[in-house]
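Presented below is the structure to which this report refers.
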Amino acid sequence: MASSGSIIKVMVADDHPLIREGIAAVIESQADIALVGEANNGREAVEGFLQHQPDVILMDLQMPEMNGIDAIRAIHQGAPSARIAVLTTYRGDVRALHAIQAGAVGYLLKSSLRRELVDAIRALAAGKRWFPPEIAAELAEHLGVENLSLREVEVLQLISLGHANKVIAKRLAITEDTVKGHVKSVIAKLGANNRTHAVAIGLKRGIIDSSLVG
C-alpha cells in the first residue's frame with residue numbers, strides 16, 4: 001500500500017501494446033501516479049513485480065506463456081499484500097471469482113478504463129477493493145451456486161465449438177454415455193434450457209473462453 005503523499009507506482013501486464021499505451025497515456029497526466037513497468041505476458045508480470053515492487057498491478061487475464069490468473073496466484077503467494085486488479089474485457093462472474101480466489105482485489109473492465117482507471121488505482125493503492133457494480137452484482141447473484149467441474153467445463157467448451165457428443169467423447173477419451181451425463185449436469189447446474197442455452201450462459205458468465213468460439 002502506497003504511503004500518503006508518495007507517488008503510486010503502477011505496473012501493467014497486457015499482451016496488447018495499444019492497451020498498455022492507452023494506460024500509460026492516462027497515467028502520464030497524473031502527478032501522483034507513475035508507470036514503473038510493463039509486461040507482455042504473465043511470466044514477465046511476475047518478474048516485473050519482483051523487480052519494480054509496484055503499489056498497484058493491472059493484470060490482463062488472457063496472455064501467452066502464463067495467463068493472468070496464474071500470474072496473480074504466483075505474485076500473491078510471494079506477496080499476500082500485493083494490490084492486483086484484473087484488467088479484462090469480460091464481465092463473467094466466474095473469471096472474477098477465479099481472480100479473487102487467486103488474490104486479486106480489483107476488477108477493471110477495459111471498456112471503462114478512460115473514466116475509472118485513475119480512481120481505481122488510487123483506491124487500490126489506499127488499501128481498498130475495486131469492483132464495478134455490475135461485476136459485484138453478478139458475483140452476489142451466483143454466490144453459492146454449484147460450480148461446474150473441470151471436466152464439465154471442458155465438455156461445455158467443446159459443445160461451444162460445435163462438436164457432437166461422439167466427437168467430444170473421442171477428444172476426452174471417455175464414453176459417449178459419460179458425455180451425455182456431463183451435458184445433463186451442465187444444463188442442470190446452469191439452469192439452462194438446452195445445450196445452446198448452456199453455451200450462451202457459459203459465455204456470459206466467463207465459464208468458457210469466447211476467443212475459442214467460432
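Remember, it's a predicted structure, so these values are computed and weren't measured experimentally.
Contact check for K9 versus H52: no side-chain heavy atoms found under the 4.5 Å cut-off. The side-chain heavy atoms of L87 and K110, taken from C-beta on, include a pair separated by under 4.5 Å. Using a 4.5 Å cut-off on side-chain heavy atoms (C-beta onward), L172 and H182 make no contact. Contact check for M59 versus I84: side-chain heavy atoms found under the 4.5 Å cut-off. Put simply, the side chain of K180 does not reach to within 4.5 Å of the side chain of K184, judged on heavy atoms. For the pair L148 and I207, the minimum side-chain heavy-atom distance is below 4.5 Å.
Scored by the salt bridge (charged side-chain N to carboxylate O under 4.0 Å, His left out) test, E44 finds no partners at all (sequence neighbours excluded). Residues that satisfy the side-chain contact (heavy atoms from CB on, under 4.5 Å) test with V183, not counting sequence neighbours, are V155, I159, N165, V179, I187, R195.
V36 and I33 are assigned to two separate hydrophobic clusters, defined by single-linkage of ILVMFWY side chains at heavy-atom distances under 4.5 Å. Under the 4.5 Å side-chain heavy-atom criterion for grouping Ile, Leu, Val, Met, Phe, Trp and Tyr, L161 is not connected to V167 through any hydrophobic cluster.
In terms of heavy-atom proximity, I57 sits nearest to A82 at CD1-CB, 4.3 Å. Across all their heavy atoms, I7 and A34 have their closest contact at CG2-CB, 3.6 Å. The shortest non-hydrogen separation linking E116 to P132 is OE1-CG, 4.3 Å. Closest of all the heavy-atom pairs between Y107 and A85 is N-CB, 4.4 Å. Taking each heavy atom of L190 and A198 in turn, the nearest pair found is CD1-O, 3.7 Å. In terms of heavy-atom proximity, R129 sits nearest to A104 at NH1-O, 4.1 Å.
By the 4.0 Å N-to-carboxylate-O rule, R20 lies too far from D15 to be salt-bridged with it. Using a cut-off of 4.0 Å between Lys/Arg side-chain N and Asp/Glu carboxylate O, R43 and E65 are scored as salt-bridged.
The distance from atom CG of D14 to atom CG of L58, rounded to the nearest 0.5 Å, is 9.5 Å. Note that the CD1 atom of I168 and the CD1 atom of I174 stand 8.5 Å from one another [nearest 0.5 Å]. With values rounded to the nearest 0.5 angstrom, D32 atom CG is found 5.0 Å from I8 atom CD1. Rounding to the nearest 0.5 angstrom, the gap separating the OG1 atom in T88 from the CG atom in D60 is 6.5 Å. Here the CE-CD distance, from M11 to Q51, works out to 9.5 Å after rounding to the nearest 0.5 Å. Here CZ of R151 is found 13.0 Å from OG of S185. Values are rounded to the nearest 0.5 Å.
Between the side chain of R83 and the main chain of G127, a donor-acceptor pair closer than 3.5 Å is present. In this structure, R114 contributes its side chain and V26 its backbone to no donor-acceptor pair below 3.5 Å.
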Residue pair R73, Q101: steps toward the side-chain hydrogen bond (donor to acceptor under 3.5 Å, both in side chains) verdict: CA-CA 8 Å; R73 188 176 291 110; Q101 290 170 338; over 6 Å; no
From CA spacing to verdict: side-chain contact (heavy atoms from CB on, under 4.5 Å), N41, N67: CA-CA 7 Å; N41 58 59; N67 64 49; over 6 Å; no
Steps toward side-chain contact (heavy atoms from CB on, under 4.5 Å) verdict (R205, I201): CA-CA 6 Å; R205 293 185 55 193; I201 293 173; 3.8 Å; yes
Candidate pair V10 and D55, rule side-chain contact (heavy atoms from CB on, under 4.5 Å), full reasoning: CA-CA 6 Å; V10 176; D55 300 304; over 6 Å; no
E38 vs I23, side-chain contact (heavy atoms from CB on, under 4.5 Å): CA-CA, chis, key distance, verdict: CA-CA 10 Å; E38 296 183 32; I23 290 173; over 6 Å; no
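Annotation: H16, atom NE2; neighbour count of heavy atoms from other residues, nucleotides and ligands within 6.0 Å does not exceed 12.
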